[in-house]
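Have a look at the structure below, then the notes.
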Amino acid sequence: MSKHEALAARPVRNQAVEWRAEGERTVLVLRRREDRLGRLLSLLFVVPKERKIELDRVGSLVWRQCDGRHTVAELIAELAGKYKLNRKEAEVSLTSFLRMLGKRKLIAIAVPKHAGRTPKERRLTDAGASGS
């Protein structure tokens, strides 16, 4: 994925993750699997029924914007403006946080089909896809 594609991507929260706002903070509630495998694993290992993750103000702001409507570039601009960061600082912090959320399967990243490509690249790709 190119940098342009990454900036045009839209983070989307995992719908299976319950969350609630508590003032400026956000609490994510992760429930244990209740299928047969989940019950079996809970017998073998100590697995709590639910686990909570409390996000700080910055994490909460990002989490609430992971609705599939905001691009990564928009989130960077919002973080930079709100917390007086330069663009690079905001970009590094945000991408690290999004990567961590992605590894934990709390979000997914939706990449638009034509993200980051120039109009010329789109024409070449579309022409190649149509077989002409």
### Message
Less than 4.5 Å apart, side chain to side chain, heavy atoms only: is that true for R57 and K82?
### Response
no
### Summary
Rounding to 0.5 Å, atoms CG (L28) and NZ (K52) come to a distance of 11.5 Å
### Message
Count I, L, V, M, F, W, Y as connected when their side-chain heavy atoms are under 4.5 Å apart, and connections chain through other members. Are F45 and L43 then in the same cluster?
### Response
no
#### Entry: ILVMFWY network linking V111 to L106, side-chain heavy atoms under 4.5 angstrom
yes
### Query
Which atom names give the shortest non-hydrogen contact between L98 and C66, and what distance separates them?
CD2-SG, 4.1 Å
### Message
Looking at R39 and E34, would you say the former's side chain and the latter's main chain have a donor-acceptor pair under 3.5 Å?
### Response
yes
### Query
Is the number of heavy atoms from other residues, nucleotides or ligands under 6.0 Å of E22 CD greater than 12?
yes
## Note on the structure
Correct closest heavy-atom pair for L61 and Q65 would be O-CG, 3.1 Å
### Message
Can you confirm whether more than 12 heavy atoms, excluding those of R32, are under 6.0 Å from its CZ atom?
### Response
yes
### Task
Give a yes or no answer on whether the side chain of S60 reaches the backbone of L55 with a donor-acceptor pair at less than 3.5 Å.
yes
### Task
Compare all side-chain heavy atoms of P112 with those of T71 and state whether any distance is below 4.5 angstrom.
no
### Task
Apply the test side chain to side chain contact (heavy atoms under 4.5 Å, CB included) to residues D56 and R25: give CA-CA distance (whole Å), side-chain angles for both, the deciding distance (0.1 Å), then the verdict.
CA-CA 5 Å; D56 64 8; R25 298 187 181 269; 3.6 Å; yes
### Query
Is there a side-chain contact between L41 and R33 (heavy atoms, below 4.5 Å)?
no
### Query
Is there a chain of hydrophobic side chains (I, L, V, M, F, W, Y, each step under 4.5 Å between heavy atoms) that links V62 to V92?
no
#### Entry: Nearest atoms (heavy-atom pairs only) where I107 meets G102
CG1-N, 3.7 Å
### Message
Can you confirm whether L30 sits close enough to E50 that some side-chain heavy atom of one is under 4.5 Å from a side-chain heavy atom of the other?
### Response
no
### Atom pair NZ (K103) and NZ (K105), whose distance is rounded to the nearest 0.5 Å
12.0 Å
### Query
In the single-linkage hydrophobic clustering (I, L, V, M, F, W, Y; side-chain heavy atoms under 4.5 Å), do W63 and V27 co-cluster?
no
### Query
Does atom CZ of R64 have more than 12 heavy-atom neighbours, drawn from other residues, nucleotides or ligands, at distances under 6.0 Å?
yes
### Task
Say whether V12 and V72 are linked into one hydrophobic cluster, either directly or through other cluster members, by side-chain heavy-atom distances under 4.5 angstrom.
no
### Task
Starting at OG1 of T95, measure out to CG of L7 and round the result to the nearest 0.5 Å.
9.5 Å
### Query
Given side chains that start at C-beta, do those of F97 and L79 come closer than 4.5 Å, heavy atoms only?
no
### Message
Just verifying a value: how many Å separate L94 CG and L85 CG, rounded to the nearest 0.5 Å?
### Response
10.5 Å
